[in-house]
Student: 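Got a structure for you, questions after.
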Amino acid sequence: MTSKKKKGFHVDESELLCKNGCGYYGNPGWQGFCSKCYREVYQKAKDAQLESDSLRKQRLAALQGPAVTANGETTLKFNKFEEKRKQHQAPKAKTVKTLFKKGSASPNKEVPHPWTGKRQPSIESEKAASDFIEFLNTLRKPAAQDITKQCKALIDRLQDQYELSVEEQSDIVQDFYQNMGERLQTHSAFKGASAEQYETMMEHMEKYMITRLYKILFCPPTCDDEQKDLAIQNRIRRLHWISAEMLDADIDSTKPSVIDYIEKAQTDIIEMNSGRSPIDKLLCIVRCSKNIFQVLNISRGQPASADDFLPVLIYIVLKANPPQLHSNIQYITRFANPNKLNQGEVGYYFTNLCCAVTFIENLDAQSLSMSQEEYDSYMSGEVIPAGTKFGEPICEGLRLMYANLATLDELRIRQDRLRENALSLQQEIKDFRDSVVKTVQDVLTTKPFIIQQPRMPANLDEENAAESSLLPPPLKPEVVAK
Amino acid sequence: MAAGGTGSAKSFNFKVVLLGEGAVGKTSVVLRYVENKFNEKHISTLQASFLTKKLNIGGKRVNLAIWDTAGQERFHALGPIYYRDSNGAILVYDITDEDSFQKVKNWVKELRKMLGNDIALCIAGNKIDLEKERHVPVADAESYAASVGAKHFHTTAKLNKGIEEMFLDLSKRMIERQSEDTHKSTTTSRSNRTKTVTIVDDEPEQPSGGGCCGSS
């Protein structure tokens, strides 16, 4: 599956030319521009970058040396930095050559070593630095100063001594963790901090330092990590035919949600390679493991033990084929804080990943409980396993079909429910109308509605008009005597 | 590792590995201990492979990290990766299954070979609620445990017997060991640190595996 993507290496002529269209050839090292256009385009960006760098330096310097007047210190730093920049730009054009020279044993004193600190910090280490400064601002001043000092010393030490073997580098970093752990407990600057605070301090230091040193420490040219990466990658490719069933991994891949979680787990384990610090990488492993537990939980419906977990993890690693797997594991082993790595959940999942990789490396017919002939025929490609039998997510179309079928099923159920509800509503409306009519009828029959004529006001005079003439005229007041 | 600085803070962090063949009830034992539940329907956790428990033994705070291991035969060779740097191990067998007891013996041999006497061992004969079907004689198991310096416990996760006692006893022994040789363990942890675990298979599997991956 993966091999299909890497059919061959084909580059268009147009891809080689400078992106600016000036006709010269471009170079990926210069973002696809030719050297001239690159300088023009990136000069502006670089100037802006330098501006922000110097600001950050000022802030760091303010933390490091409060005795020196802030003004003098920073301008000095800035001058130094400018100098460094000039030094750095001059050999820039030679970078390609220096890269090729790197392998040769004779170190040319005049050409700066490509692995030294004299380079533009990457985006990741920029971010790590700003995060670190933010964190330091939350601490009290003596503590922040001490941490900065210690970290800087270690970074400088490792950057200057690029000829160290990776084991020596690892020893230096591990000693630092141990000493710093003790220092945090005993030094007066850190008095009164809680155990959690110590932990976050250690975590931030680790993140910042190792991210800064990533280029030097990750898969260094002094060791054979790269070959081993390739070996394991090829090994996994050869084992593409292994199904979940063969590993006794309890995956119910007919359920679309299970496949979702499997994909998430695969993405997480692949993402491990993009993390910079050991902590970031470990967190990817943790996320992957949590997704595996989701898979197991949906498939089995009971808490998963290691017996269930490990086969699925192996399956995920086989299907994902994470890049630079060996390098990443070595990097974590060498440079992660051992307190974190040996204890706790993080350490447990990491150990399981190591187990999975070891299992894949040593895998044979016996470990899949099949005969040697069967295993050989799979390995040589004579037999292609009937993967779909167990609902193996081999075919994207089939998978989509399952997902669509499930959606349709759900839709039908909802539609049925809707129809039922509509019918019952209709019935209810009818019943209500009937009941209203019935009540009205009932009331009408029991209490008939009779309209009475309104009483006319009696006109007394009119009634007796005939008789009134017979009556003597009303008495009129008379004056009887004067 | 655990010894590094933890002794002075008066709280102990111990790593305990759980070894045992599949279906001997490792998971039930640890879930009974941590969640005090046996029936799977009532268990809230998604996973039973990594669990923690906090204890207080005579004023000392103890954090147990219980690591479940895959017990299938095919994963047997991975044992050393799991139990490196562990302070204690609980080896579980099923009293109705003689094979599972044999497996425990293999693990004990390996643990002693790899970690020497640095590790505290407990052997748990699980499922004593099925006493009628017992296939591993009590006397055999107990005398074996005594001969390798391990403590034997009779447990049942179903009826919740013997489990609490076992973990408590193991914790106490781990505390003893750690306070005995704090200086010794710091030096050993320093030397252990850079050591990577290599797995040596004494069966002739590896050359055949290597051969076929080179040929095709």
Side-chain angles (χ1 to χ4, degrees), chain A residues 167 170-171 174-175 177-178 181-182 185 195 234-235 238-239 247-248 289-290 292-294 296-297 301-311 330 333-334 338-339 341-345 347-349 351-352 354-356 358-359 361-369 372 375-376 379-381, chain B residues 1-2 4-6 8-9 11 13-15 18 21-23 26-28 30-31 35 40-41 43-50 52 63 65 67-75 77-79 81-82 84-86 186 189-190 193-194 196-199 201 203 205-206 208-209 212-213 215-216:
Chain A
E167 280 76 28
S170 167
D171 277 350
Q174 296 294 343
D175 280 342
Y177 288 142
Q178 191 144 4
E182 278 158 26
Q185 305 278 348
N234 283 330
R235 173 88 180 144
R238 263 177 233 287
L239 296 172
L247 291 165
D248 289 332
S289 306
K290 300 264 155 154
I292 291 176
F293 284 123
Q294 290 288 351
L296 285 168
N297 203 40
Q302 58 190 55
S305 68
D307 290 358
D308 315 313
F309 173 70
L310 188 61
Q330 286 299 318
T333 321
R334 286 173 191 144
N339 283 339
L341 202 56
N342 292 331
Q343 303 257 312
E345 215 170 358
Y348 180 73
Y349 296 138
T351 305
N352 270 295
C354 295
C355 285
T358 314
F359 180 79
E361 279 169 350
N362 299 329
L363 185 137
D364 56 20
Q366 223 176 12
S367 38
L368 293 173
S369 21
Q372 190 62 43
Y375 177 82
D376 287 344
M379 274 311 249
S380 59
Chain B
M1 44 114 235
T6 46
S8 59
S11 99
N13 293 315
F14 292 129
K15 170 178 161 184
L18 206 59
E21 211 189 14
K26 276 181 301 179
T27 317
S28 302
V30 70
L31 279 175
E35 296 230 336
E40 276 148 0
K41 279 174 206 145
I43 288 162
S44 54
T45 173
L46 264 184
Q47 49 99 359
S49 48
F50 178 86
T52 54
N63 300 316
W67 292 37
D68 191 13
T69 62
Q72 293 98 316
E73 183 55 39
R74 61 171 69 167
F75 300 130
L78 306 175
I81 306 178
Y82 277 119
R84 111 181 97 169
D85 289 337
S86 50
T186 42
S189 80
R190 262 168 182 265
R193 210 178 44 215
T194 47
T196 47
V197 173
T198 43
I199 290 166
D201 250 334
E203 288 137 322
E205 296 165 5
Q206 269 181 327
S208 70
C212 52
C213 93
S215 65
S216 60

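Residue numbering restarts at 1 for every chain, and letters A, B, ... go by the order of the sequence lines.
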Student: Is Phe75(B) close to Pro311(A) at the side-chain level, that is, under 4.5 Å between some pair of heavy atoms?
Tutor: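 Sidechains of Phe75(B) and Pro311(A): in contact.
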
Student: Can you name the nearest heavy-atom pair linking Phe50(B) to Gly344(A), along with the distance?
Tutor: CZ-C, 3.2 Å

Student: Which residues satisfy the side-chain hydrogen bond (donor to acceptor under 3.5 Å, both in side chains) test with Ser49(B), sequence neighbours excluded?
Tutor: Gln47(B)

Student: Side chains of Asn352(A) and Tyr82(B): do they bring a donor and an acceptor to under 3.5 Å?
Tutor: yes

Student: Select one option (side chain, backbone, both, neither) describing which atoms of Thr52(B) are under 4.5 Å from chain A's heavy atoms.
Tutor: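 It is neither, since no heavy atom gets under 4.5 Å.
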
Student: Has Asp307(A) got a side-chain atom pairing as donor or acceptor with Gly71(B)'s backbone, closer than 3.5 angstrom?
Tutor: yes

Student: To the nearest 0.5 Å, how far apart are OH in Tyr348(A) and CG in Asp68(B)?
Tutor: 5.0 Å

Student: Looking at Leu363(A), is its backbone amide N or carbonyl O close enough to the side chain of Arg74(B) to form a donor-acceptor pair, meaning the two atoms are under 3.5 Å apart?
Tutor: no

Student: What option among Ala70(B), Ala65(B), Gly22(B) has the most heavy-atom pairs under 4.5 Å with chain A?
Tutor: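 Counting heavy-atom pairs under 4.5 Å, the top option is Ala70(B).
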
Student: With only heavy atoms counted, which part of Asp248(A) is less than 4.5 Å from chain B, the side chain, the backbone, both or neither?
Tutor: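 When you check distances to chain B, atoms from both the backbone and side chain of Asp248(A) fall under 4.5 Å.
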
Student: I need the Leu78(B) CG to Leu310(A) CG distance, nearest 0.5 Å.
Tutor: 6.5 Å

Student: Counting heavy-atom pairs under 4.5 Å with chain B, which one of Gly347(A), Ser289(A), Ala365(A) comes out on top?
Tutor: Gly347(A)

Student: How would you list, by chain and number, every residue that makes a side-chain hydrogen bond (donor to acceptor under 3.5 Å, both in side chains) with Gln72(B), sequence neighbours excluded?
Tutor: none

